[in-house]
Amino acid sequence: MSTRALDHEELFPIREVSRLTGINPVTLRAWERRYGLIQPTRTESGHRLYSQADIDEVRSILGWIERGVAVSKVGRILAKSLNSKEQNLTSRSDESLADFKQWQAQLRQALRGFDERRLEQVYGQVFSSYPQLVVFQDILMPVWQDLRCTHEAFGQASEWLFLDSFLRGRVLQRLQLAHEQQELRVVLAAIPGQCHELELLVAALLLGTSEIAISVLGLGQPLEELSLVCERMMPQALVLFSNHPPASDLPKRLARLALSLECPLLLAGEAADLAQDSLIGSQVACLGSEGHLMRQRLQQYLDGHLDS
DNA sequence: CTTCTAACA
DNA sequence: TGTTAGGA
C-alpha cells in the first residue's frame, strides 16, 4: 500500500502476477512463448516485469478461457475486442480512471465483509457521482468480471455470488422503473448458451432510452421460437445478446432467423464485435458491446427503418 | 529466486 | 495445452 507512488507505472515480477491471477508462472511463460499473449518488459538481466495493463490482459484471457475459448484462439479475439475497449479507455482521462479504481476498491471492501449495508451505500454513492452507463460499464461490471474469473484468494467465489445476486436485484428494480410510456419497443434475448443473467439485464438497462422500451426474454429462450414470439409481441426490433465468441454457424443461423422475422434483427455484446465481419452484407446489424455505441446505433437503426 | 528449452501426459 | 525436468 505504501509504495504505490505511481499506480500506473508500477511493475510486478512474475511470481506476483502468478499470485494475483492464479496462473502458474510457467504457464504464463508458455502463453507468451507459444501464443505471444502478453509481452512484459524485461530487466537488464532478462526478468519479466508486468504492468497493470499486462495483468488486466491476463484477467481478460482468463475470462475468455472460462467461456470455453482455447488459449490459442484468445489472441485473435483480444486483438479485436481490445480495439473497441481501448478506444473507450484512452478517450478517458487518467484521473477519472483513478476515480473508478477508488470506487471499485470500496466495492471490493464491502464484498470482502459481505456487508450488504455497505454495499448499498457504495452503490448509491456511485450513482450520485456518475450516470448509469458509467456506473455499470466502467465501475460495477469490471469488478463482477474480475471476481468471476480470478482466484486470487479463497472466498472469491462467494464474493462474486454476493455481488451477482445484489446487482441482479438492483438491475431488475431499475428495469421495472424504466418501463413507462415509450413509443418504441425492442425485444432483447440472449443467444442460448452460457450467458449470465446479469449480463443480459445490464444490456437491457443500457439499451433502454426515453424513447425505446426494452423487453427482456428469459435466459433459456430458444432461437427457433423467436419468430413466433416476435409475431405476437410485434416489437420494432429484436436484439440478440451474447458475450461469447460466436460459433462458426452463428452467422447462418442468424441470417435464417432474420428471414423469418417481421422486424429487423440486431446483434449486441462481445459476439457482435467478433462477428461483425462475417455479418456484413447480411440482414443482421451489429450494435457492438460498448454501451454508448449500442444505444446510439440502435436508435439510429430504428430511426432509419421507421422512415421507410 | 529467475531464465530457458525439450519432452511428457 | 499445462506441467515437469534439467541446466544455467
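The sequence lines fix the lettering, A, B, ..., with proteins before strands; numbering per chain opens at 1. Since the model is a prediction, treat every value here as computed from it, not as a measurement.
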On DNA chain B, does the nearest nucleotide to R34(A) precede the nearest nucleotide to P25(A) from the 5' side, or the other way round? Give the residue. P25(A)
Donor-acceptor under 3.5 Å (R185(A) side chain, A213(A) main chain): no
Name the nucleic acid region contacted by S72(A), choosing base, sugar-phosphate or nothing; use a 4.0 angstrom heavy-atom cut-off, strictly under. sugar-phosphate
Of the nucleotides dT2(B), dG2(C), dT3(C), which one has an atom closest to the side chain of H47(A)? dT2(B)
What integer distance in Å separates W64(A):CH2 from dT1(C):C1'? 20 Å
In whole angstrom, give the distance that lies between atom CZ of R33(A) and atom C1' of dA7(B). 11 Å
Could you tell me how far apart L49(A) (CG) and dC1(B) (P) are, to the nearest whole angstrom? 17 Å
Just to confirm, is there a sub-4.0 Å distance from OP1 or OP2 of dT2(B) to any side-chain nitrogen or oxygen of R15(A)? yes
Nearest-angstrom distance from the residue atom CZ of R19(A) to P of dT2(B): 13 Å
Rounded to whole Å, please give me the gap between CD in E16(A) and P in dT2(B). 11 Å
What contact category does V26(A) fall into here, base, sugar-phosphate, or nothing, at under 4.0 angstrom with non-hydrogen atoms? base
Counting side-chain heavy atoms from C-beta on, which of dG2(C), dT2(B), dT1(C) comes nearest to W31(A)? dG2(C)
dA8(C) pairs with which nucleotide, Watson-Crick or G-U wobble, both distances below 3.5 Å? dT2(B)
Side chain of A70(A) (C-beta onward), nearest among dA6(B), dT1(C), dG2(C): dT1(C)
When you measure from the side-chain N and O atoms of S45(A) to the phosphate of dT2(B), is any distance below 4.0 Å, counting only OP1 and OP2? no
Among dG2(C), dT3(C), dT5(B), the one nearest V71(A) by side-chain distance: dG2(C)
Evaluate the ring-ring contact (aromatic ring centres under 6.0 Å, His included) criterion for residues F166(A) and F162(A): first the C-alpha distance (whole Å), next the side-chain angles of each, then the deciding distance (0.1 Å), finally the verdict. CA-CA 6 Å; F166(A) 174 82; F162(A) 191 69; 7.5 Å; no
Residue pair R295(A) / L133(A), side-chain heavy-atom distance below 4.5 Å: yes
Would you kindly give the CG-to-C1' distance between L11(A) and dT2(B), to the nearest whole Å? 16 Å
Given atom CD of E32(A) and atom P of dT5(B), what is their separation to the nearest angstrom? 10 Å
Once you measure the plane-to-plane angle for W160(A) and W144(A), does it fall in the parallel (<30°), tilted (30-60°) or perpendicular (>60°) bin? tilted
Hey, are R108(A) and D146(A) close enough for a salt bridge, meaning a charged N less than 4.0 Å from a carboxylate O? yes
Whole angstroms only, please: what is the CZ-C1' distance between R42(A) and dT2(B)? 11 Å
